[in-house]
Amino acid sequence: MDIGTIHSIWTIVLFVSFIGVVWWAFGKSRKARFEEDANMIFADEQERPSHEQGVTK
């Protein structure tokens, strides 16, 4: 087995892995979970009390 064959096999393995990751990431069954995860950053925001509004530090 020469280096050209090894590189060809490695290229095919990486391509198949890439297709698998893309299929997993864009699968319809995971869309709701990813949308929920994307909005998680906004879940901990709370409205500031009215006496603190306009006060700068």
Side-chain angles (χ1 to χ4, degrees):
M1 194 181 268
D2 65 341
I3 195 74
T5 305
I6 293 172
H7 283 176
S8 298
I9 292 170
W10 185 241
T11 301
I12 292 169
V13 167
L14 289 177
F15 181 71
V16 169
S17 299
F18 174 76
I19 295 299
V21 168
V22 169
W23 173 77
W24 175 80
F26 291 103
K28 291 181 182 182
S29 62
R30 283 168 284 288
K31 183 177 181 181
R33 177 179 169 228
F34 287 152
E35 286 179 356
E36 180 182 333
D37 290 347
N39 291 323
M40 207 179 272
I41 187 86
F42 304 114
D44 65 345
E45 289 185 359
Q46 296 176 357
E47 207 173 300
R48 292 181 2 183
S50 60
H51 68 277
E52 288 184 11
Q53 292 179 357
V55 176
T56 58
K57 293 182 179 182

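Looking at residues two or more places apart in sequence or on another chain, you find a side chain to side chain contact (heavy atoms under 4.5 Å, CB included) between Val16 and Ile12. With sequence neighbours left out, the side chain to side chain contact (heavy atoms under 4.5 Å, CB included) criterion links Met1 to Thr5, Ile6, Ile9. With sequence neighbours left out, Asp37 forms a salt bridge (charged side-chain N to carboxylate O under 4.0 Å, His left out) with Arg33.
Put simply, Phe26 and Phe18 are part of the same group of oily side chains (I, L, V, M, F, W, Y) that touch within less than 4.5 Å, one to the next.
Judged by distance alone, the side chain of Arg30 and the main-chain N or O of Ala25 form no donor-acceptor pair under 3.5 Å.
Separation of the Trp24 and Phe34 ring centroids falls under the 6.0 Å cut-off.
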